[in-house]
Peer 1: 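Take a look at this one; I'll ask things after.
Since the structure is predicted, the reported quantities are computational estimates derived from the model, not experimental observations.
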Amino acid sequence: MSGKVTVDRPADAVARLTISNPDKRNALDHAILDAIAEAMPSLANGIETRCVIITGEGKMFSAGYDIGDIPEEVFAEQAEKLVAHPFHRAIEAIEQFPFPTVAALNGHALGGGLELAVACDLRLAAGGVKLGMPPGKLGLIYSHTGLLKFIDTVGPARTRELFLVGRNIEARRAEQIGLVNEVVEPEQLEQAAVELAAEIASNAPLSTRGNKEIIRRLTSFPRMTAEVEQELIDLRLSSFSSEDFREGVKAFGEKRTPKWKGK
């Protein structure tokens, strides 16, 4: 079964998107990513929605890309298509929403699930949840655009820690390094997220929209030539067809230590 995204309005001028894919720990499949990509522009209607909350159903925010069940014979092609296209489209829709967005991390946020949270303007986390980037444990080279988001959020040193070590960190540690803005008790997260979003939505629309746009432009100026960017894209694409990536994903699903070949 495919996952889904539900939309409700918990406060005036606030919309909430809830990721639901309970059988797969809220993994991001095509249906979920397409739903996010379609919902965000539809909410950008004048000043009717001035803050959006993104959260997960149950006890998980998102375990990341849903690539575990892709057949061996089409694995490289289908995995790259999921990560490069629907995921990019969903992230872009979040980033381009004109008003602030808040990720309410009700549970663990891993891999692509954590990048989705980092794409939001602010992040609240329930105490005890874990956040992590496991591409090194899966044999995946991450996108330069995704890595830039983390560098902008926590700086190069902490980005190296997240991606090169690959260890999950708890919410309090994430707050210390600036990966989340605030940690609250799990039973208080929903209310805290709604109250924060309502406070944001009560501010002057011209101010919040304008300040968000200026911040976005200041942090998105070109940092490399087109040639260098293409080299980074090619480097990442090479990992999708590698034996190590397929082995990493299989080992993760089978809860065993991967046997790397370096190719």
Peer 1: Can you tell me how far the CZ atom of Arg9 sits from the CD1 atom of Ile53, to the nearest 0.5 Å?
Peer 2: 11.0 Å
Peer 1: Got a donor-acceptor contact below 3.5 angstrom from the Ser239 side chain to the Leu140 backbone?
Peer 2: no
Peer 1: Run the salt bridge (Lys or Arg N to Asp or Glu O under 4.0 Å) test on Glu213 and Arg216 for me, step by step, so that the C-alpha distance in whole Å, both residues' side-chain angles and the decisive distance to 0.1 Å come before the verdict.
Peer 2: CA-CA 5 Å; Glu213 177 63 13; Arg216 186 187 71 81; 2.8 Å; yes
Peer 1: Within a strict 4.5 Å, meaning less than it, do heavy atoms of the Val5 and Thr18 side chains meet?
Peer 2: no
Peer 1: Is the backbone of Ala104 close enough, under 3.5 Å, to the side chain of Thr55 for a donor and an acceptor to pair up by distance?
Peer 2: yes
Peer 1: Check whether any side-chain N or O of Thr159 sits under 3.5 Å from a backbone N or O of Ile151 as a donor-acceptor pair, and report yes or no.
Peer 2: yes
Peer 1: Working to the nearest 0.5 Å, report the span between CD1 of Ile36 and CD1 of Ile19.
Peer 2: 4.5 Å
Peer 1: Thinking salt bridges, do Lys212 and Asp121 make one under a 4.0 Å N-O criterion?
Peer 2: yes
Peer 1: Does a salt bridge link Glu161 with Arg158, judged by any charged N lying under 4.0 Å from a carboxylate O?
Peer 2: yes
Peer 1: Check step by step if side-chain contact (heavy atoms from CB on, under 4.5 Å) holds for Lys263 and Asp244.
Peer 2: CA-CA 6 Å; Lys263 58 183 180 178; Asp244 276 358; 5.7 Å; no
Peer 1: Evaluate the criterion side-chain contact (heavy atoms from CB on, under 4.5 Å) for residue pair Arg123 and Glu175; output intermediate values, then yes/no.
Peer 2: CA-CA 9 Å; Arg123 285 160 295 285; Glu175 183 182 28; over 6 Å; no
Peer 1: Thinking salt bridges, do Glu95 and Lys149 make one under a 4.0 Å N-O criterion?
Peer 2: yes
Peer 1: More than 12 non-hydrogen atoms from neighbouring residues, nucleotides or ligands closer than 6.0 Å to CZ on Arg16, yes or no?
Peer 2: yes
Peer 1: Is the shortest heavy-atom distance from the side chain of Leu43 to the side chain of Glu48 under 4.5 Å?
Peer 2: no
Peer 1: Would a distance-only check, ignoring hydrogens and angles, find a side-chain to backbone donor-acceptor pair under 3.5 Å from Arg50 to Ile47?
Peer 2: yes
Peer 1: Evaluate the criterion side-chain contact (heavy atoms from CB on, under 4.5 Å) for residue pair Glu115 and Tyr65; output intermediate values, then yes/no.
Peer 2: CA-CA 11 Å; Glu115 185 184 342; Tyr65 311 132; 4.2 Å; yes
Peer 1: Can you confirm whether Glu190 is buried at CD, in the sense that more than 12 heavy atoms of other residues, nucleotides or ligands lie under 6.0 Å from that atom?
Peer 2: no
Peer 1: Do the charged groups of Glu170 and Arg172 touch, with an N to O distance under 4.0 Å?
Peer 2: no
Peer 1: Looking at Asp8, I'd like to know if its CG atom is crowded, meaning that more than 12 non-hydrogen atoms belonging to other residues, nucleotides or ligands lie closer than 6.0 Å.
Peer 2: yes
Peer 1: Is the count of non-hydrogen atoms from other residues, nucleotides or ligands lying under 6.0 Å from Arg256 atom CZ greater than 12?
Peer 2: yes
Peer 1: Under the 6.0 Å and 45° cation-pi test, does Arg236 pair with Tyr142?
Peer 2: yes
Peer 1: Salt-bridge test for Glu247 and Lys250: reply yes if a basic N is under 4.0 Å from a carboxylate O, no otherwise.
Peer 2: no
Peer 1: Taking Asn21 for its side chain and Ser2 for its backbone only, find out whether a donor-acceptor pair lies under 3.5 Å.
Peer 2: no
Peer 1: Look only at the side chain of Asn106 and the backbone of Leu189, and say whether a donor-acceptor pair between them is shorter than 3.5 Å.
Peer 2: no
Peer 1: With a 3.5 Å distance limit and no angle check, can you tell me whether Asn26 reaches the backbone of Met60 through a side-chain donor-acceptor pair?
Peer 2: yes
Peer 1: Between SG of Cys51 and CZ of Phe99, what distance do you get to the nearest 0.5 Å?
Peer 2: 10.5 Å
